[in-house]
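See structure below.
Indexing begins at 1, ligand by ligand and atom by atom, following the structure's order. Numbering of residues begins at 1 and proceeds along the displayed sequence.
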Amino acid sequence: MTTTQDMIARQQPLSTEFGYRTTATEVLAGRDLTGTTAIVTGGYSGLGLETVRALAAAGASVVVPARRPETAEAALAGVPGVRVAPMDLGDLESVAAFTAEMREAGTSIGLVINAAGVMATPEQRTAQGWELQFGTNHLGHFALVAGLASLLQDGARVVSYSSVGHYRSPVLFDDINFETTPYDSWVAYGQAKSANALFAVGLDARASASGIHAFSVHPGGIMTDLQRNMPREELIQRQWIDADGNPNPMFKSAAEGASTGLWAATATELLTRGGIYAEDCSLKGVVANDHADLTSGGVKEWAIDVDAADRLWALSVEATGLDPFAG
Ligand SMILES: NC(=O)c1ccc[n+]([C@@H]2O[C@H](COP(=O)([O-])OP(=O)(O)OC[C@H]3O[C@@H](n4cnc5c(N)ncnc54)[C@H](OP(=O)(O)O)[C@@H]3O)[C@@H](O)[C@H]2O)c1
């Protein structure tokens with residue numbers, strides 16, 4: 001049984017040959033992924049799109065579940081070995097339909113990269129009534145991985161995109177849907193991103209006996225469609241762009257932003273570090289829950305806490321009716 005002390009030990013800083021500016025292609029250099037099937041959510045925009053391009057270039061077959069299949073087909077035109085299928089993470093029935101189709105096809109899966117996400121949305125609900133960011137970013141991905149669990153091959157990895165945004169909030173188990181607390185779009189994003197990290201902890205604890213490992217990542221700051229809900233004034237005030245619209249030079253390109261997810265998907269160093277949260281193709285340790293510096297690196301304790309991961313797992317089983325790796 002994995003403990004929080006185990007997670008803290010696994011999370012200890014780890015330097016690698018890669019770094020802040022490493023690109024997706026550089027991480028996969030020399031790797032032949034022919035014969036590997038990967039599922040990449042959000043694989044038609046931003047970091048997911050760069051992830052798909054790099055995987056396809058390395059020979060992988062990639063399935064991209066998309067809530068806007070026509071947009072996905074257009075974005076992925078010319079990328080070899082890619083198939084688009086309809087799926088809306090904000091509707092568990094849609095996720096169930098996609099995973100049922102995959103099970104019927106029976107293809108073994110080597111990699112699931114949960115790159116889809118929404119950020120700082122106005123208050124909205126999923127089809128099943130969950131706060132949109134928690135429901136889409138976490139519960140949709142939980143249902144996806146649970147529905148695909150029987151197809152995950154020995155050695156498979158599941159990588160979930162978290163964010164330094166997890167610093168904003170732990171999972172608010174007493175009020176996940178903001179029914180008694182006033183809605184705050186950034187707290188809701190923080191909760192969802194803490195849930196993404198805890199999902200990796202909970203999944204790895206249950207699936208590692210089957211040779212399957214799970215990780216979460218902070219990709220860095222990258223200007224993509226993710227910021228679509230932020231007014232220009234807020235982007236300037238947070239110094240994400242300057243007054244002329246130029247991104248902060250410390251931001252990464254999309255190709256750089258996709259590297260850590262692919263490192264987590266392939267690095268042999270991580271075989272003994274299941275459930276960890278990676279950034280800049282490395283590990284940066286654990287920071288206290290009241291740590292405020294967003295630039296220091298490190299995962300907050302609440303995002304690798306095993307009790308919180310178990311509680312989130314139980315809630316997710318209840319919400320989806322799916323209990324993968326129950327034994
Ligand atoms: N960019 C950053 O600075 C940054 C920093 C930290 C963490 N992250 C994380 O990185 C991940 C990727 O972000 P990104 O920057 O690549 O954002 P992006 O360009 O906006 O891409 C997000 C993708 O998620 C898809 N998606 C959203 N809601 C969905 C739903 N209900 N069902 C299916 N797909 C859905 C979007 O599809 P549509 O286009 O159809 O909406 C889009 O393809 C996110 O999880 C984000 O939280 C990003």
Side-chain angles (χ1 to χ4, degrees), residues 24 39-53 63-76 84-95 97-98 113-121 124-128 130-141 143-144 159-168 185-186 188-197 199-200 216-230 235 238 240-241 247-248 250-262 264 277-280 294-295 297 299 303:
I39 313 291
V40 182
T41 69
Y44 54 109
S45 178
L47 314 182
L49 177 57
E50 288 300 325
T51 300
V52 173
R53 286 182 176 141
V63 181
V64 176
R67 69 169 162 175
R68 297 188 298 147
E70 285 176 16
T71 303
E73 294 281 7
L76 292 162
V84 172
M87 187 191 79
D88 182 347
L89 287 164
D91 182 350
L92 296 175
E93 289 185 13
S94 168
V95 178
F98 171 71
I113 300 200
N114 296 322
V118 287
M119 179 174 79
T121 57
Q124 289 170 65
R125 298 293 164 126
T126 65
Q128 282 75 31
W130 292 89
E131 186 282 316
L132 187 76
Q133 299 186 70
F134 181 80
T136 303
N137 297 355
H138 169 63
L139 281 180
H141 282 128
L144 174 69
V159 178
S160 295
Y161 272 69
S162 177
S163 167
V164 70
H166 83 271
Y167 282 22
R168 293 298 297 263
S185 63
W186 285 107
Y189 183 64
Q191 160 171 264
K193 293 289 122 179
S194 285
N196 289 143
F199 176 47
S216 70
V217 299
H218 168 54
I222 307 99
M223 292 306 294
T224 64
D225 280 354
L226 191 70
Q227 292 87 12
R228 71 184 82 166
N229 297 302
M230 295 174 69
L235 289 169
R238 288 181 185 269
W240 292 14
I241 59 171
N248 184 320
M250 286 311 291
F251 271 39
K252 298 184 179 187
S253 67
E256 290 164 352
S259 64
T260 300
L262 287 168
Y277 167 100
E279 45 198 322
D280 299 337
L294 295 172
T295 63
V299 64

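Ala127 pairs by the side chain to side chain contact (heavy atoms under 4.5 Å, CB included) definition with Asp91, not counting sequence neighbours. With sequence neighbours excluded, the residues satisfying side chain to side chain contact (heavy atoms under 4.5 Å, CB included) with Ser259 are Thr22, Val27, Cys281. Legend: residues meeting side-chain hydrogen bond (donor to acceptor under 3.5 Å, both in side chains) with Asp280, ordered by chain and number and at least two apart, are Lys252, Lys284.
Side-chain N/O atoms of Asn196 and Ser162 include no donor and acceptor closer than 3.5 Å. For His141 and Thr41, the side-chain atoms include at least one donor-acceptor pair closer than 3.5 Å.
The residues lining ligand 1, counting any heavy atom closer than 4.0 Å, are Gly42, Tyr44, Ser45, Gly46, Leu47, Arg67, Arg68, Met87, Asp88, Leu89, Gly90, Ala115, Ala116, Gly117, Val118, Thr136, Tyr161, Ser162, Ser163, Tyr189, Lys193, His218, Pro219, Gly220, Gly221, Ile222, Thr224, Asp225, Leu226, Gln227, Arg228.
A donor-acceptor pair under 3.5 Å links the side-chain atoms of Ser253 to the main chain of Glu256, judged by distance alone.
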